[in-house]
Amino acid sequence: MMLFFAGAAFAGNYNKVPAGDQEYAACVTYSNKKYDGGNAKSPIAGQTKAEAWCTCLWNETPNDFTGGLAQYAESSKGKAVKATCETYSNWK
C-alpha cells in the first residue's frame, strides 16, 4: 500500500488544495514557524517546500484525523505520511 502512495507522490498526481482551505493554510504557517527551509523552492512548480509538503499531507492524511495536518504528520500514526511528504517536497 505504501508503494502506491509513494508512487503517487513522485508522479505529482495530488489533488489541488481548494483555495482558502484552512487546514492547508494552517499547515503552511505552522511548518514555516517550526521548521527551517520551508520557503525554499520545491521540485513542484510554483510551490515552496512547505506548500508542497502541506499539499502532500492534505492529500495523504486520513479524513478522520484530529488536529492539524502538520501535527498529524508529527504523530506516531502520521510517521509514514510524513516520510512520503518529505520526499515529495524534497524537504528533509
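Note: hydrogens, waters and symmetry copies are ignored here, and every other heavy atom, side chains too, is used.
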Identify every side-chain donor-acceptor pair in residues 62-71 under 3.5 Å, counting partners at least two apart or on other chains, and give the distances.
none

Could you list the donor-acceptor pairs under 3.5 angstrom formed by side chains in residues 35-46, with sequence neighbours left out?
from : atom 1 : to  : atom 2 : distance (Å)
Y35  : OH     : E74 : OE2    : 2.2
S42  : OG     : I44 : N      : 3.0
S42  : OG     : I44 : O      : 3.2
S42  : OG     : Q47 : O      : 2.8

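Remark: T48 OG1 to N32 CG distance equals 6.0 Å, nearest 0.5 Å. Note that SG of C54 and CD of E23 are 11.0 Å apart. Values are rounded to the nearest 0.5 Å. With rounding to the nearest 0.5 angstrom, the OG1 atom of T29 is 10.0 Å from the OH atom of Y24.
The shortest distance between side-chain heavy atoms of C85 and W91 does not fall below 4.5 Å.
Partners of S75 according to the side-chain contact (heavy atoms from CB on, under 4.5 Å) rule, which considers only residues two or more places apart in sequence or in another chain, are Y72, K77. Scanning for side chain to side chain donor-acceptor pair (under 3.5 Å) contacts around W58 gives D21, with sequence neighbours left out. Applying the side-chain contact (heavy atoms from CB on, under 4.5 Å) criterion to K92, with sequence neighbours excluded, gives E86, T87. The salt bridge (Lys or Arg N to Asp or Glu O under 4.0 Å) test applied to K79 returns no partner, not counting sequence neighbours.
The two atoms that bring L57 and C27 nearest to each other are CD1-SG, 3.8 Å, heavy atoms only. Contact between C56 and Y88 at its shortest, heavy atoms only, is CB-CD2, 3.7 Å.
For the residue pair E60/Y14, the side-chain donor-acceptor check at 3.5 Å is satisfied.
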